[in-house]
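Some notes on the structure that comes next.
Chain A is the first sequence line, chain B the second, and so forth, proteins listed ahead of strands; every chain is numbered from 1. Being a predicted model, the structure only gives us computed values, none of them experimental.
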Protein chains: 2
Amino acid sequence: MKTKDALVEAAAELLWERGYAATSPAMIQKRSHAGQGSMYHHFSGKAELATAAMRHSAQQLQTAVEAALGSGGSAVERISAYLDMERSPLAGCRVGRLVQDPDVVADDELRAPVAESFEWLERRIADVLAEGVRSGELRQDTDVAATAALVIATVQGGYVLARAQQDEEAFRRAAKAAKAALVGLTV
Amino acid sequence: MKTKDALVEAAAELLWERGYAATSPAMIQKRSHAGQGSMYHHFSGKAELATAAMRHSAQQLQTAVEAALGSGGSAVERISAYLDMERSPLAGCRVGRLVQDPDVVADDELRAPVAESFEWLERRIADVLAEGVRSGELRQDTDVAATAALVIATVQGGYVLARAQQDEEAFRRAAKAAKAALVGLTV
DNA sequence: GTCTATAGCTCGATAGAC
DNA sequence: GTCTATCGAGCTATAGAC
């Protein structure tokens, strides 16, 4: 169970750095120090290994997000903690970047882990916001679903801005304005 | 000058649909009904043709954005018009999607058109917001640069959400919350 | 379970005829 | 300016020895 893990780990890294289409089995094998035979023994091919790697990355991300959202405090504080999570804006989102990959979007099996990850995230953030509305922290007329989408879009779009200009500050600017917008929703 | 334009047009479409790394010269030739020889006569190779196609797409986008921002009305109305521009969220942004491509980010020549496009957009939107502050429509303490980044990130991130879930509504939810946030900045 | 060898294909680019 | 032929490399996958 050691070589298999190394393959998944290496595949996850490469999917993050290069996406699915631009990552070859040979690259994964080289980085994980596994041979051709090992890879095709543990997985049926590139797609199955990539799916396992995506689920691995999504799980890691989910744990980190849960830690940020689960910290005590008000809804605004918890969402702000999510926006301020430790990130490398220039590296991009290990899950979100896959959404641009033509091969991933074309194949429902490959897209499933990504879609599930975003669905979970959107619901999770919407729940925190709904708590804020219930407790009287946020306005009663707050559109919880729309605001959750805005928060996640800010992060995903912040990655795009940072990568386009090769400047981490672009991400932080977007996050700062999103936090200000959240404060504007408080009673 | 006809075959050359067809090559640029086809390349722009394919870059939008598939990105740079996953688009091959053969695909571009097929779609533009141009032969191998024609392509290498007009362009030094894939990279040069792609650069021309990117500038073509960026120009198209700039014209459309200018139309939305240039419509009369308050700053909030003009930015809202940008957020409500006619888009196909599932198709993604023809410029922003290139930011995820490993080959594009690795090469400054390829990245330049993308970076310039985003720099122009961020400045343009910041200018509109600054006018709103000056006219007394928006609060004096508005962080114009951060808000501009938030607006663009909302659009780019909205594309990611929509593609991840294959649902246009995800984009519209994010845009709706962004417009609400803008209203919250008015005096 | 892991290895090497190789299949069959497509990649991006070049050559040279016309 | 456009064509076809071809190069060397890398792609994903399979075969079969160990």
Side-chain angles (χ1 to χ4, degrees), chain A residues 1-54 56 98 100-111 113, chain B residues 1-56 98 100-113:
Chain A
M1 263 296 237
K2 194 86 174 326
T3 304
K4 189 170 181 176
D5 290 349
L7 280 162
V8 170
E9 197 75 48
E13 285 176 21
L14 283 161
L15 287 178
W16 189 6
E17 294 166 20
R18 308 185 45 81
Y20 179 80
T23 295
S24 72
M27 292 174 191
I28 300 170
Q29 290 152 26
K30 191 174 179 187
R31 187 171 296 204
S32 63
H33 306 290
Q36 191 92 329
S38 296
M39 194 195 108
Y40 283 98
H41 170 74
H42 292 291
F43 301 95
S44 67
K46 177 182 174 177
E48 193 181 288
L49 171 48
T51 304
M54 287 177 185
H56 177 76
L98 296 164
Q100 305 291 358
D101 211 293
D103 295 4
V104 172
V105 180
D107 182 346
D108 282 345
E109 297 257 332
L110 279 171
R111 193 175 55 82
Chain B
M1 263 296 237
K2 195 85 175 327
T3 306
K4 190 171 180 177
D5 290 349
L7 280 162
V8 170
E9 198 75 48
E13 285 176 21
L14 283 161
L15 286 178
W16 189 7
E17 294 166 18
R18 309 186 44 82
Y20 178 81
T23 295
S24 71
M27 293 173 192
I28 299 170
Q29 291 152 25
K30 190 172 179 187
R31 188 171 294 205
S32 62
H33 308 290
Q36 191 92 331
S38 297
M39 193 194 109
Y40 284 97
H41 170 75
H42 291 291
F43 300 94
S44 68
K46 177 182 174 177
E48 194 182 286
L49 172 49
T51 304
M54 287 178 185
R55 295 200 187 281
H56 178 77
L98 297 164
Q100 305 291 357
D101 212 292
D103 295 4
V104 172
V105 179
D107 182 345
D108 282 345
E109 297 258 332
L110 279 171
R111 193 175 56 82

(request) Can you tell me the distance, in whole Å, between the CE atom of B:M39 and the C1' atom of C:dA13? (result) 9 Å
(request) Counting heavy atoms from C-beta on, name the nucleotide in C:dA13, C:dG1, D:dT12 closest to the side chain of A:S24. (result) D:dT12
(request) Report the distance from atom OG1 of B:T51 to atom CG of B:D107, rounding to the nearest 0.5 Å. (result) 7.5 Å
(message) Looking at every heavy atom in both A:Q29 and A:Q36, which two are closest together, and how far apart are they?
(response) OE1-OE1, 2.6 Å
(message) Output the rounded distance in Å from CG (A:D103) to P (D:dC11).
(response) 14 Å
(request) Measure from CZ on B:F43 to P on C:dA13 and round the result to the nearest Å. (result) 13 Å
(message) Measure NE2/A:H33 against C1'/C:dC3 and give the value in whole Å, please.
(response) 17 Å
(message) Looking at every heavy atom in both A:P102 and B:E17, which two are closest together, and how far apart are they?
(response) CB-O, 4.2 Å
(message) Side chain of A:H41 only, heavy atoms from C-beta on: which candidate in C:dA5, C:dG1, C:dT14 is closest?
(response) C:dG1
(request) Find the distance B:Q29:CD to D:dC3:C1' and express it as a whole number of Å. (result) 12 Å
(request) Figure out the NZ/P separation between A:K30 and D:dT12, and round it to whole Å. (result) 15 Å
(message) So if I take every side-chain heavy atom of B:Y40 and compare against C:dA13, C:dG1, D:dC3, which nucleotide ends up nearest?
(response) C:dA13
(request) Measure from CD1 on A:I28 to C1' on D:dG10 and round the result to the nearest Å. (result) 15 Å
(message) Starting the side chain at C-beta, find the nucleotide from C:dT2, D:dT4, D:dG1 nearest to A:T3.
(response) C:dT2
(request) Taking only the side-chain heavy atoms of B:P25 (C-beta and beyond), determine which of D:dT2, D:dC11, C:dG12 contains the nearest atom. (result) C:dG12
(request) Please tell me which of the listed nucleotides, D:dT14, D:dG1, C:dC3, lies nearest to the side chain of B:H42? (result) D:dG1
(message) Quick check: closest heavy atoms across A:Y20 and A:D103, and the distance to 0.1 Å?
(response) CD2-CB, 3.5 Å
(message) Nearest heavy atom decides the nucleotide; on that basis, is A:S44 or A:M27 closer to the 5' end of DNA chain D?
(response) A:M27
(message) Taking the minimum atom-to-atom distance to the side chain of A:A26, which one of D:dC11, C:dA5, D:dT2 wins?
(response) D:dC11
(message) Without decimals, in angstroms, what is the distance between B:Q36 CD and C:dA17 P?
(response) 18 Å
(request) Taking all heavy atoms of B:A47 and all of B:L110, pick out the closest pair and write down the distance. (result) O-CD2, 3.8 Å
